[in-house]
Structures are given as structure tokens and as C-alpha cells.
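Remarks on the structure that follows.
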Amino acid sequence: MPLADGSSRRVSARDLVAACLNLLFPTPCHVCHRPLDSERVSAFCSRCWGSLERMPAQVCARCGWPFPASGGTCGAEVPLCQRCRETRDHFRIARAVLRYQDGGIARAAILLTKHGRRLSLLRHLSRLLAESAPQYLSLQEWDGLVPVPLHWLRRWRRGFNQAEVLAGAVGRRHGLPVLGRALSRVRATPLQHGDFEARRRNVREAFAVRRKVAGRRLLLVDDVFTTGATANACAAVLLRAGATEVGVLTLARVD
Ligand SMILES: [Zn+2]
Ligand SMILES: [Zn+2]
């Protein structure tokens, strides 16, 4: 008979076996492959988690590109990177809290949430975004958060949209409404590769506005800012639907 105390004994036995197995064969850290310590965060040891690559203070005033430590801000009063001096974006400002670099820990963590479907890891990253965002961007300037949508098929396969989880954490912490269905992805786009032009062609006409956004200052939320093509496509449709202005907050940004 499935008694309550019987089932709790079974669970305890399973926990004990898992603990013994972990002692014999400790789970390695996803990055450094040392055994995970007690302060671990999901698949990351505390040392690797503490070494997540943060964005520096000195970034491009518009797109948030990190200037090299040795300067390179072109001496202008409002420092803009070369991309922003040559391109016109639909969003007013984009900021990220982490750097997305080849071989980097932040990149490894984000890829693990996406392709390993680690929702618990994504929740840790969401808390980090919510806590750190005010260092990079004034959240009081915005009326609501708009997560960049996934196509329904990709969302169904993954089980969640990482942008919604990130926006939820920022909204809860800073008292901002999340306009979860303000945007929808009306066209499935292949996974993005290539330069800005290729990505811009890829996401053109991919988004549609589903909610009333007129007169609002909206902050788009996503996991990674790569070339800005997705953010621009979203910002363009939101502005066309009457949004006053659009900003972008991402967990990480490609250097
Ligand atoms: Zn490690
Ligand atoms: Zn820039």
C-alpha cells in the first residue's frame, strides 16, 4: 500500500543513494570541471559563477558596446561606437549586464539555459539581471517591459521563453508591468547567423504588435544582444504602433 511514511522512506533512500553517488562521482563544474562545491549555482562552481564577465562602466551611449579599457571613446561628449555613428537604430538605448564572449562563462551559462533547457539556471541569471540592471540603465524611465517573443513552435519545443523569464524577474523586483503579449513572432526565423545586414533581412516582418502600446515608453527584454537586428525589428513595430520610445535590456551583449 502506498503509505505516506513508506513513500517518504523511499524518497529518503533515493536521496541517500544520490548523495553517495555524488561523493563517489562528484558532478563537475560545467566550466572548470572541478567538483561542484556547496556554494554552487546550478551547474557552475562558486568560483566560476563569481567570474561571470560583467559589462564595464564605459560603454557606447546608445548600443552599450564595451569600449576597450585603454579608452577609445573618440573623445566625444556622448561616446558612440563606430556602429552607432554609422547606423540609425530604432531603439534609444541598449544595455546589458554581462559580456557574451567566445569561451566565456556567461556565454556557457546562456547556451546551457537555451539548449540544455535549464530553467533553474535561467532563474539565477534572471535574478542577477534584475539586481544589476540599475547599474546600467534607469528603470524608472520606462512604463513597461516587453519580452522579445519566440515563435510558438520554438517556445513549445523549449518549454519556456527565456526573455519572458528575464522580464518577469526584472518586473517583480522593480515594480514594472510585463506586457507579455505585446509582441508576437508571426514568422519563424531560422537561427541567426551572419552580420547585421543578414540578420536584419532575417527578422524583417517577423514581429507584430498584439496589445495597445500607444503612448508608452517600453523596454524590450532579451537574453543576448548580438548585432541589434532583432531589437531594431521589435522597436520598429512598437514605434509604428505608437510607442513613445523603446529601450533594450539584455542579460548579455556580444562584444
Ligand atoms: Zn567552475
Ligand atoms: Zn554603439
Side-chain angles (χ1 to χ4, degrees), residues 22-23 25-113 116 118 120-122 124-125 128 133 135-138 141 195-200 203 219-220 222 224-236 239 245-255:
N22 204 35
L23 266 179
F25 310 103
T27 316
C29 166
H30 185 70
V31 177
C32 68
H33 309 296
R34 292 196 194 97
L36 286 173
D37 53 1
S38 58
E39 307 285 297
R40 59 184 278 186
V41 176
S42 188
F44 296 79
C45 73
S46 57
R47 226 165 69 170
C48 289
W49 186 259
S51 308
L52 279 169
E53 302 85 0
R54 302 281 183 147
M55 269 290 163
Q58 184 67 269
V59 295
C60 168
R62 189 182 306 145
C63 76
W65 181 74
F67 285 111
S70 55
T73 58
C74 68
E77 204 170 304
V78 178
L80 291 179
C81 70
Q82 189 170 354
R83 170 197 174 281
C84 289
R85 276 181 270 146
E86 293 169 358
T87 319
R88 230 187 104 65
D89 288 310
H90 294 288
F91 54 83
R92 175 170 69 76
I93 185 172
R95 288 294 182 268
V97 304
L98 297 175
R99 301 174 79 152
Y100 192 90
Q101 298 169 312
D102 281 343
I105 299 169
R107 181 174 180 272
I110 290 169
L111 289 177
L112 199 55
T113 63
R118 299 281 192 101
S120 68
L121 174 59
L122 180 59
H124 285 288
L125 290 166
L128 186 140
Q135 295 168 29
Y136 300 93
L137 187 82
S138 166
E141 288 178 16
D195 60 9
F196 180 76
E197 251 325 294
R199 284 168 181 261
R200 196 177 65 83
V203 293
L219 189 60
L220 281 165
D222 205 357
V224 184
F225 183 107
T226 307
T227 61
T230 299
N232 262 311
C234 292
L239 292 172
E245 65 177 357
V246 178
V248 186
L249 175 66
T250 57
L251 178 61
R253 191 204 192 290
V254 174
D255 275 18

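Indexing begins at 1, ligand by ligand and atom by atom, following the structure's order. Model, not experiment: these values are computed from the prediction.
For the Zn ion (ligand 1), the count of nearby protein N, O or S atoms, meaning those under 2.8 Å away, is 4. Around the Zn ion (ligand 2), protein N, O or S atoms at less than 2.8 Å number 4.
Distance alone, capped at 3.5 Å, places no donor-acceptor pair between the Q101 side chain and the D255 backbone. Proximity of a side-chain donor or acceptor of R95 to a complementary backbone N or O of A133 within less than 3.5 Å is not detected. A distance-only check finds no donor-acceptor pair linking the side chain of Y100 to the backbone of I110 [under 3.5 Å].
The shortest distance between side-chain heavy atoms of V254 and V224 falls below 4.5 Å. By the 4.5 Å heavy-atom criterion applied to side chains, I105 and R47 are not counted as neighbours. Using a 4.5 Å heavy-atom cutoff, the side chains of R253 and V248 are not in contact.
Remark: E39 engages no residue in a salt bridge (Lys or Arg N to Asp or Glu O under 4.0 Å) (not counting sequence neighbours). Taking R92 as the reference, E141, E245 meet the salt bridge (Lys or Arg N to Asp or Glu O under 4.0 Å) condition, with sequence neighbours excluded.
Applying the 6.0 Å contact sphere to CD of Q82 captures no more than 12 heavy atoms from other residues, nucleotides or ligands.
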